[in-house]
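See below for the structure under consideration.
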Amino acid sequence: MAATVRSFAKINLGLAIGATRPDGFHVLETIYQTVAAHDLITVEAAAGDRIVIRCQDARVPCDATNTCYRMVERALAVLGCRRQVTITIDKRLPVQGGLGAGSSNAVAALFGLERVLGEELTEKDRLRVAAEVGSDVPLFLLGGTVLGVGRGEQVYPLPELPGLACVLVTPNVAVSTPKAFRDWDELVAADGGLTCSRGSATLSEFGLSSFEWLSHLNATGVPAIKGGDRAETPLLDLVRAGIENDFERVVFPQYPELRDVKRMLEREGAGYASLSGSGSTMYGLFASQQLAEQAAAKLTASGLAARATQTLTRQQYGEQRFAG
Ligand code: C5P
């Protein structure tokens, strides 16, 4: 028995970093958005009692540190089930690229496991084990447009919004997420402010902008205030409402080529361009798929790893999950 699951990527529509918590994690607020670009995760179960990870990409660990391993190990324990579970990862997304690929792989492995076993965890158990595996794992239990708070693991579904074309560009630089958080702390300290007070200000601005945007949406995700192209682009309204990714302030000075990519995306017609997570992937949101394809082709011609994709609603995320 085998199940193949599409493990979709995410981008961050803004990310505000707050204070460091006693456990070393940072309080944050972000809006996650799933996109159609994906890895493929195949899960097989047989008699036995071990977890085997296979991946052709040498950068992906195939031991007990793999996110799929950690997720399946926990899920089997919750279900009280013993099996040999083999997980094959067909890597198409960048590794450590800010697209949440490793986190998404873990949830895809869970969905595949549930299918091959014919058993499901409760919603609460799913959320608990996902949060144990990583801060941006739980969002992939929902998909679509998702508000993330706490350390990013407390997730709330936002209204379904019309999809947007999107270009992903992953420059060939590796950004360490823990280091990016440390650099943020240093930046705040160097600014003469306490992490706590500066963080609170950033968080409250993010909250106000998100609130303003949300209050203009009705229950179906369509802007209540119509005019111009607003009705077609509530996602663009959100990012233009002033939310930003705080990581840009520490990552761009270290990797100026990322700022150049942002400018190139804007020049090619992106309504909004930003770093995703701590990077190094940059994304641009476009008004049409044609514009996105043209921009991706131009960026590829200039030597960058660029691809056109689309944002995925929660419904599409659920419907397109199983590939076989
Ligand atoms: O939760 P996850 O394993 O993805 O986090 C990786 C690292 O990123 C953490 O060990 C921590 O150093 C940092 N982090 C943080 N604050 C968060 C999320 C992650 O400082 N909200």
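In each ligand, atom 1 is the first atom listed, and ligand 1 is the first ligand listed. Fair warning: this is a prediction, and the values are worked out from it, not measured in the lab.
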Numbered atoms and elements of ligand 1 in range of Gly24, under 4.0 angstrom, heavy atoms: 20 (O)

Atom 12 (O) of ligand 1: the protein heavy-atom neighbour that sits closest, reported with distance to 0.1 Å: Pro178 CB, 3.7 Å

Smallest separation among heavy atoms of Gly150 and Arg21, with atom names: C-NH1, 4.2 Å

Heavy-atom closest contact (Phe286 atom, Leu164 atom, distance): O-CD2, 3.5 Å

Contacting atoms of ligand 1, where contact means under 4.0 angstrom from a heavy atom of Arg151: 1 (O), 17 (C), 18 (C), 21 (N)

His26 N/O under 3.5 Å from ligand 1 N/O: yes

Nearest heavy atoms of Arg314 and Leu158, plus distance in Å: NH2-O, 2.8 Å

Ligand 1 contacted by Gly150 (non-hydrogen, < 4.0 Å): no

Atom of Ala130, atom of Val137 and distance for their closest heavy-atom approach: O-CB, 3.3 Å

Protein heavy atom at shortest distance from atom 3 (O) of ligand 1: Gly134 CA, 4.3 Å

Chi angles and distances behind the side-chain hydrogen bond (donor to acceptor under 3.5 Å, both in side chains) call for Ser276, Thr281: CA-CA 6 Å; Ser276 184; Thr281 299; over 6 Å; no

Mode of Phe25 contact toward ligand 1 - side chain, backbone, both, neither (heavy atoms, under 4.0 Å): both

Test log, rule side-chain hydrogen bond (donor to acceptor under 3.5 Å, both in side chains), inputs Glu153 and Ser135: CA-CA 5 Å; Glu153 92 291 12; Ser135 304; 5.9 Å; no

Atom 19 (C) of ligand 1: nearest protein contact (heavy atom, Å): Phe181 CE1, 3.4 Å

For the student: nearest non-hydrogen atoms of Asn245 and Gly277, plus distance: ND2-O, 2.9 Å

Heavy-atom protein contact below 4.0 Å for atom 6 (C) of ligand 1: no

Identity and distance of the protein heavy atom lying nearest atom 4 (O) of ligand 1: Ser135 N, 3.7 Å

Distance-only N or O hit between ligand 1 and Asp136, under 3.5 Å: no

Check: Asp136/Ser103 side-chain N/O donor and acceptor closer than 3.5 Å: yes

